2 protein chains.
Amino acid sequence: MSLKHTILGFLNAAPKTGYDLQKSIDLSIQHFWPSTQSQIYRTLKELEGEKLISGEIHIQSEKPNKKVYTLTAAGQEELVRWLSEPLVIPPHRSQFLVQLFFSRHLDPSIIISNLENHRNQLEKRLAFLESDEAQSRIELGRSAQEKAIYQIIIENGIHILKSEIEWANHSIGRLYKFIQKN
Amino acid sequence: MSLKHTILGFLNAAPKTGYDLQKSIDLSIQHFWPSTQSQIYRTLKELEGEKLISGEIHIQSEKPNKKVYTLTAAGQEELVRWLSEPLVIPPHRSQFLVQLFFSRHLDPSIIISNLENHRNQLEKRLAFLESDEAQSRIELGRSAQEKAIYQIIIENGIHILKSEIEWANHSIGRLYKFIQKN
DNA sequence: GGACCCATGTAAATAGTTACATGATTGC
DNA sequence: GCAATCATGTAACTATTTACATGGGTCC
């Protein structure tokens with residue numbers, strides 16, 4: 001589970017509550033590792049059980065009390081270990097391709113409209129990654145190395161989305177030609 | 001769950017056993033919707049409960065008995081409904097990008113070796129999609145429309161993998177330059 | 001005798017989503 | 001008065017993976 005290591009990664013920078021973590025995730029890695037609040041709180045408990053983080057309750061008078069988690073020495077060790085480890089790419093899944101695969105008996109116009117819908121969704125994601133909002137996050141990096149890494153990550157999304165859009169447009173064109181011939 | 005619709009899709013072509021389905025999946029959509037035997041048998045029971053398929057036991061003398069499933073009218077209806085439906089693209093997840101994101105304090109040489117490992121895995125997948133084995137599956141399509149669809153699907157994988165490899169190589173180059181400067 | 005094909009299933013673990021549930025303070 | 005922010009959690013459901021479990025027939 002990457003969420004465990006995501007949390008270790010964020011806590012390595014500074015102690016945080018579940019609530020803080022949710023905000024950090026939404027602001028940074030949400031577009032390649034989204035997470036929900038309920039999952040974060042559950043995972044924090046698991047990590048505490050494994051002694052990789054430790055929680056301490058902070059009593060606040062004006063706001064609700066909160067539980068601030070800190071990385072333990074074992075947690076930091078586990079983080080570095082995972083970061084250095086070569087990861088196996090999990091199998092690729094695309095329900096859209098499954099749909100397309102079984103569409104052989106469908107009217108080509110429906111297939112085209114599904115492809116167009118797919119492409120439009122990809123374009124929305126691309127627009128976000130190319131927006132100032134996403135680009136400005138690169139500037140959040142402190143060191144030159146950090147900036148270089150953020151840049152590379154954003155480029156990954158942009159690069160892949162563009163190529164998926166290209167494929168969709170090319171495929172739409174091909175099916176149009178197919179209709180005209182038949 | 002796409003496996004349900006995958007099964008409906010295959011049973012639409014011909015009645016099959018769980019064992020047959022596993023083989024069909026491994027031979028065709030395994031690279032964009034892999035599935036395990038245990039999941040197939042469980043899903044068959046669920047679909048039977050929903051009356052979308054119906055199973056009949058065939059007694060064999062030389063081989064173990066088998067349960068052959070057939071698509072019901074309701075099942076076919078559900079299949080066509082799902083095939084025509086615009087799908088929402090699920091959020092993108094990449095544990096590799098999570099790893100990269102937190103690698104800011106790591107030695108750049110480790111980051112590069114992780115990137116190279118990632119690229120090598122992508123290249124293996126690409127080699128498979130470009131192999132005769134994968135290409136020959138396009139010929140399995142009966143109608144011209146079916147062949148066009150198979151072609152489009154294989155191209156999707158090739159197109160995206162090539163662009164991911166491009167990105168990885170570009171990023172490796174960038175990090176190398178970074179090392180030389182510092 | 002061992003590997004592979006045919007054929008079926010259960011159980012447990014892991015990961016993630018959606019819905020439910022509460023409650024104080026701050027700003028418009 | 002209402003929405004937003006801060007803050008924490010539980011419960012139920014969905015989906016997937018891995019491991020366990022069995023057993024006959026065929027081919028080398």
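These numbers come from a predicted model, not from an experiment. Each chain gets a letter, A, B and so on, in the order the sequences are listed, and its residues count up from 1.
Side chains of B/Tyr41 and B/Gln37: no donor on one and acceptor on the other come within 3.5 Å.
Phosphate proximity of D/dG9 to A/Tyr41: absent, as no side-chain N or O sits under 4.0 Å from OP1 or OP2. Listed pair A/Gln39 / C/dT17 meets the phosphate criterion, a side-chain N or O lying under 4.0 Å from OP1 or OP2.
Counting distance only, with no hydrogens placed and no angle test, the side-chain atoms of B/Thr36 and the base atoms of D/dT18 include no donor-acceptor pair under 3.5 Å. Side-chain to base pairing of A/Thr17 with D/dT8: no donor and acceptor N or O lie closer than 3.5 Å to each other.
Outside the 6.0 Å centre-distance limit, the rings of B/His159 and A/Trp167 are not counted as a close aromatic pair.
Nearest-nucleotide assignment on DNA chain C puts the 5′-proximal partner with B/Asp20, out of B/Asp20 and B/Pro91.
Out of D/dT16, D/dG9, C/dT10, the shortest distance to the side chain of A/Lys45 is found at D/dG9. Closest approach to the A/Arg93 side chain among D/dT17, D/dA7, C/dA7 is made by D/dT17 (side chain taken as heavy atoms from C-beta onward). Distance from the side chain of B/Gln37 is smallest to C/dT10 among D/dT18, C/dT10, D/dT10. Listed candidates were D/dC6, C/dA19, C/dT8. Nearest to the side chain of A/Ser38 is C/dA19.
Between the CD1 atom of A/Ile40 and the P atom of D/dT8 there is a distance of 11 Å, rounded to whole Å. Protein atom NZ of B/Lys66 is 14 Å distant from nucleotide atom P of C/dG9, rounded to whole Å. Look at NZ on B/Lys16: it is 16 Å from C1' on C/dA7, rounded to the nearest Å. One interatomic measurement links the two molecules: CZ of B/Arg42 to P of C/dA13, which rounds to 15 Å at whole-angstrom precision. Note: CD (A/Gln22) to P (C/dG16) measures 14 Å, nearest angstrom. Residue B/Glu56 contributes atom CD, which lies 17 Å from atom C1' of C/dT8 at whole-angstrom precision. Between the NZ atom of A/Lys67 and the P atom of D/dG9 there is a distance of 6 Å, given to the nearest Å. Rounded to whole Å, atom P of D/dG25 lies 12 Å from atom CG of B/Asn65.
Heavy atoms from other residues, nucleotides or ligands lying under 6.0 Å from CD of A/Gln30 number more than 12.
In summary, A/Arg174 and B/Glu155 engage in a salt bridge, as defined by a charged side-chain N under 4.0 Å from a carboxylate O.
Side-chain N or O atoms of B/Gln99 include one that pairs as donor or acceptor with a backbone N or O of A/Glu85 at under 3.5 Å.
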